[in-house]
There are 2 protein chains.
Amino acid sequence: MQDTKEKIVALADQLIRTKGYNAFSYKDISDPLEIKNAAIHYHFPTKTDLGIAVVDFETERFKEHTAKWSGMPEDKQLKQLFETFNRKHKEGLVCLMGTLSPDYKTFPEPLQEKVTEMSTAFADWTSQCLENGRKKGFFAFDGDAYDRALLVLSNLLASLLMSRVMGPKTYGKISAQLYKDLLKKN
Amino acid sequence: MQDTKEKIVALADQLIRTKGYNAFSYKDISDPLEIKNAAIHYHFPTKTDLGIAVVDFETERFKEHTAKWSGMPEDKQLKQLFETFNRKHKEGLVCLMGTLSPDYKTFPEPLQEKVTEMSTAFADWTSQCLENGRKKGFFAFDGDAYDRALLVLSNLLASLLMSRVMGPKTYGKISAQLYKDLLKKN
DNA sequence: TTGCTTACTTACTTACAAGTAAGTAATTTT
DNA sequence: AAAATTACTTACTTGTAAGTAAGTAAGCAA
């Protein structure tokens, strides 16, 4: 019955993305899964443990995805990243980095570390992709590739957040212009 | 004693920016101000009322600031916007839009509306500033000015959030590159 | 078949959050 | 001078959060 444990992580992931870490409770998980709150504590003794599991799972998933894309040309790889965010947007969800960073200071250290680790993984991969893609002529942009990666990620992250508040079209407007900018030759 | 009311709003603002809306409590305000939690309820019957006051105050402050800048050339006006975010970064704070958007779905409608109103005010002003600034040759960018405004705001918003998680240098890297991009002539 | 582990439930505890009703002291209005 | 208003405090209530101790049913292991 590893099934329950996986379902808890999946639901917690969704709850963190919709309500935020500090606003979801064990009851939000135990009710739909028709288990008792103590069953969650059995698998994840503290809420921090559950948070860590969610973040770790996301980091793993990201690494698996990027590994699969590694044979593609860089413009296609970046397109895949955009598609990942696109899918989240269609589900009405935001990215973990976007929802966890405002609450970061309320987290115990072990969870903070995991969030930083996840974010670093995103930035490192994007930086490499942009760097290599520029060398091969797929992308055109000024400045350091790492700085540009931070810009790209910040746009993707915030476009999901802003879509919530300013309407769903916001996401498309930001991501479309962002992608055009990177391909543009000066 | 309008003083207490103002102090409550100012502290709530700071708490929302550091811990997030759902993580701060009336005790976080009543303790440092040395008043009872009922005193907060006297001024703001519900937490929603307090949230609305914080957002309204920020919207007003933004409109006052931009009104003061209205005589400047557009590149200086935009610089002022960047400076505003810069100051928040130095204080270790994030912007209201950044901290409130992940929790948006947990808000009652009246607060949601205020957050949307504030965000729209930001976007409208930035859009106008970019539009006029491009016409006068201060800025160079492709596409619609409103779309570009969303990009700029998303970068500023997210750079404050990401700085928390990835270190304080993140903010400077993003904002510097962003500003350069806008001034750049092709 | 006895014992150990897994995956829970039952039934709590402790803490703290938001919110309220009733009272009060000081000031302002009439 | 009396009445009302302002800005609170005292002392609650209600609800819910995270977490735990003890029990149990099912499966497997020796």
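Order of the sequence lines sets the chain letters (A, B, ...), proteins ahead of strands, with each chain counted from 1.
Taking atom CD of A:Glu6 as the reference point, atom P of C:dA7 lies 12 Å away to the nearest angstrom. Residue B:Lys7 contributes atom NZ, which lies 14 Å from atom P of D:dA7 at whole-angstrom precision. In this structure, A:Ile35 places its CD1 atom 13 Å from P of C:dA7, rounding to the nearest Å. Between A:Phe107 atom CZ and D:dA18 atom C1' the separation is 16 Å, expressed in whole Å. Between the CG atom of A:Leu33 and the C1' atom of C:dC8 there is a distance of 13 Å, given to the nearest Å.
For B:Asn37, taking side-chain heavy atoms from C-beta onward, the closest of the listed nucleotides D:dA11, C:dT9, D:dA18 is D:dA11. You'll find that the side chain of B:Tyr26 is closest to C:dG19, out of D:dT9, D:dA17, C:dG19. Comparing D:dT10, D:dG19, C:dT9 against the side chain of A:Ala38 picks out C:dT9 as the nearest. Out of C:dT9, D:dT9, C:dA17, the shortest distance to the side chain of A:Ala39 is found at C:dT9. Listed nucleotides: D:dA17, D:dG19, C:dG19. Nearest to the side chain of B:His41: C:dG19.
Contact annotation for A:Lys47: backbone-only contact, meaning every heavy-atom pair under 4.0 Å involves sugar-phosphate atoms and none involves a base. Across all strands shown, A:Phe44 has no heavy atoms under 4.0 Å from either base or sugar-phosphate atoms. Residue B:Tyr42 is classed as a base contact, given a heavy-atom separation below 4.0 Å to a base.
At least one side-chain nitrogen or oxygen of B:Lys36 sits closer than 4.0 Å to the OP1 or OP2 atom of D:dT10. Not one side-chain nitrogen or oxygen of A:Thr4 sits closer than 4.0 Å to the OP1 or OP2 atom of C:dA7. The side chain of B:His43 contributes no N or O atom lying less than 4.0 Å from OP1 or OP2 of D:dT6. For A:Ser25 and D:dA17, the shortest distance from a side-chain N or O to OP1 or OP2 is below 4.0 Å. Phosphate proximity of C:dA18 to B:Thr46: absent, as no side-chain N or O sits under 4.0 Å from OP1 or OP2.
To the nearest 0.5 Å, atoms CZ (B:Phe122) and NZ (B:Lys63) are separated by 10.5 Å.
Taking the ring centre of A:Phe44 as origin, the terminal cationic atom of A:Lys5 falls inside the region bounded by 6.0 Å and 45° from the ring axis. Annotation: cation-pi geometry satisfied between A:Lys79 and A:Tyr179 (NZ/CZ under 6.0 angstrom from ring centroid, within 45° of ring axis). Annotation: cation-pi geometry not satisfied between B:Lys36 and B:Tyr42 (NZ/CZ under 6.0 angstrom from ring centroid, within 45° of ring axis).
The salt bridge (Lys or Arg N to Asp or Glu O under 4.0 Å) test with B:Lys19 is passed by exactly one of B:Asp103, B:Asp28, B:Asp13: B:Asp28.
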